[in-house]
*Asks:* 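Handing you a structure now.
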Amino acid sequence: YYGQLPLYKEVTQQLAQYWQKWVNFTDVAMETVKRSACYSVVIPNTNLKLVSFNANYGYDVNFYSYLNDINVDYFLLLDWLVLEVDIAEKAGQKVLIIAHVPPGDTSTQPSYGEFYLNLTKRYGSTIVGHLTGHTHNDEFELVQDEYGVYGVVMVAPSVTPYTNNNPAFRIYTMDLITGTLLGYHQYFLNLTKANGERNMAGKEMKSGDKEIRGGAKYV
């Protein structure tokens, strides 16, 4: 997870080339991807800034963070995230953060959860959404402390049934002008029917459906 490791550099440089096809990075953004697998881009003709953050920094199996206890933020990922959100605030933009590991999951380092809480408290009026995955579950997290709730982290389910769940994926709908998350459509395959009845028909659910039972976790 650190840039001085040859294997890490090789992976991030390959990611940069793959992602360039869809994102069309500037030269500065391309170097950021190669260094840290993070990037930000303002969606054309909108006031919305998409910030993709490499949340493996806060993953509890990122053992390099534990080895570097004097300067845990060795790779300056957190500084980069704060800077990107701060620049957006000063420009009057809204920010949508996407990441893999949600900040309140049990597999997250406590220091990362604390950082994310402080970030959301400070920039709550700028950050309009937090979209993550990792847990394989359909759930959400509340970014909160004893004084209030500062944000909601959406956690999408996974396509893989590794954790005994039905394969699923989610498509979000947003108002790109205001940055408001309007809802989502979710599609899943019932493996019991697929295996027992040879019924491979998937099912669609919308964010307002009563069948969707998201569990809350707390940062």
Side-chain angles (χ1 to χ4, degrees), residues 1-68 71-91 93-103 105 107-109 111-113 115-116 118-120 122-123 126-135 151 153-156 158-160 169-172 174 176 179 181:
Y1 297 123
Y2 289 107
Q4 80 275 22
L5 301 177
L7 179 60
Y8 183 92
K9 287 184 177 180
E10 180 181 345
V11 170
T12 54
Q13 288 176 5
Q14 289 181 358
L15 285 176
Q17 296 301 322
Y18 293 146
W19 292 348
Q20 173 73 350
K21 300 174 184 178
W22 298 290
V23 182
N24 192 24
F25 297 121
T26 64
D27 291 341
V28 174
M30 178 65 84
E31 290 306 310
T32 302
V33 176
K34 290 180 179 179
R35 179 175 61 87
S36 61
C38 297
Y39 68 86
S40 71
V41 60
V42 177
I43 298 180
N45 303 315
T46 76
N47 209 31
L48 181 63
K49 185 177 189 178
L50 177 69
V51 178
S52 178
F53 179 65
N54 181 5
N56 283 327
Y57 168 86
Y59 196 19
D60 64 357
V61 294
N62 182 358
F63 302 116
Y64 293 106
S65 289
Y66 299 108
L67 292 174
N68 196 6
N71 181 12
V72 177
D73 193 13
Y74 175 80
F75 207 36
L76 302 179
L77 294 183
L78 302 188
D79 287 349
W80 176 86
L81 179 57
V82 172
L83 179 62
E84 289 295 326
V85 177
D86 191 68
I87 291 173
E89 181 185 68
K90 289 180 170 59
Q93 298 169 337
K94 299 298 182 182
V95 171
L96 175 66
I97 297 177
I98 60 174
H100 179 70
V101 184
D105 188 62
S107 64
T108 299
Q109 298 176 25
S111 60
Y112 175 61
F115 159 80
Y116 207 91
N118 292 330
L119 175 75
T120 308
R122 167 61 181 84
Y123 296 100
T126 299
I127 302 173
V128 294
H130 316 256
L131 308 182
T132 65
H134 179 68
T135 71
V153 179
M154 305 300 295
V155 184
S158 66
V159 174
T160 171
F169 67 93
R170 179 182 295 176
I171 300 176
Y172 291 97
M174 295 193 68
L176 295 180
L181 181 62

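Both backbone and side-chain heavy atoms feed into the values below; hydrogens, waters and symmetry mates do not.
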*Asks:* Which heavy atom in Thr32 sits nearest to a heavy atom in Cys38, and how many Å separate them?
*Replies:* CG2-O, 3.4 Å

*Asks:* Any salt bridge between Arg122 and Glu89, counting N to O under 4.0 Å?
*Replies:* yes

*Asks:* Do any N or O atoms from the side chain of Lys49 and from the backbone of Glu84 form a donor-acceptor pair under 3.5 angstrom?
*Replies:*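 The answer is yes, because a donor-acceptor pair under 3.5 Å joins these two groups.
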
*Asks:* For residues 23-31, run the donor-acceptor check on the side chains, cut-off 3.5 Å, and write out each pair with its distance to 0.1 Å, sequence neighbours left out.
*Replies:*
from	atom 1	to	atom 2	distance (Å)
Thr26	OG1	Ala29	N	3.2

*Asks:* Just so I know, are the side chains of Thr132 and Val101 near enough to count as touching, which here means a heavy-atom distance under 4.5 Å?
*Replies:* no

*Asks:* Is there a ring-ring contact (aromatic ring centres under 6.0 Å, His included) between His130 and Tyr116 once you walk through the steps?
*Replies:* CA-CA 11 Å; His130 316 256; Tyr116 207 91; 5.5 Å; yes

*Asks:* Would you kindly say whether Ser107 and His134 are connected by a side-chain donor-acceptor distance under 3.5 Å?
*Replies:* yes

*Asks:* Once you round to the nearest 0.5 Å, how far does OH of Tyr39 lie from CG of Asn54?
*Replies:*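 The CG atom of Asn54 is 12.0 Å from OH of Tyr39, to the nearest 0.5 Å.
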
*Asks:* Show me the pairs that pass salt bridge (Lys or Arg N to Asp or Glu O under 4.0 Å) and involve residues 94-103, at least two apart or across chains.
*Replies:*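 Qualifying pairs: none.
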
*Asks:* Run Val128 and Leu48 through side-chain contact (heavy atoms from CB on, under 4.5 Å) and show every step you take.
*Replies:* CA-CA 9 Å; Val128 294; Leu48 181 63; 4.0 Å; yes

*Asks:* Identify, with sequence neighbours excluded, every residue that meets ring-ring contact (aromatic ring centres under 6.0 Å, His included) alongside Phe115.
*Replies:*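 Phe115 satisfies ring-ring contact (aromatic ring centres under 6.0 Å, His included) with no other residue.
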
*Asks:* Rounded to the nearest 0.5 Å, what separation is found between the CG atom of Leu78 and the CG atom of Leu83?
*Replies:* 12.5 Å

*Asks:* With the side chain counted from C-beta on, respond yes when Phe53 and Trp80 share a heavy-atom pair under 4.5 Å apart, and no when they do not.
*Replies:* yes

*Asks:* Would you check if Val51 and Leu81 make a side-chain contact, meaning some heavy-atom pair closer than 4.5 Å?
*Replies:* yes

*Asks:* Output the distance between atom CD (Gln93) and atom OG (Ser40), rounded to the nearest 0.5 Å.
*Replies:*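 Here the interatomic distance stands at 9.0 Å.
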
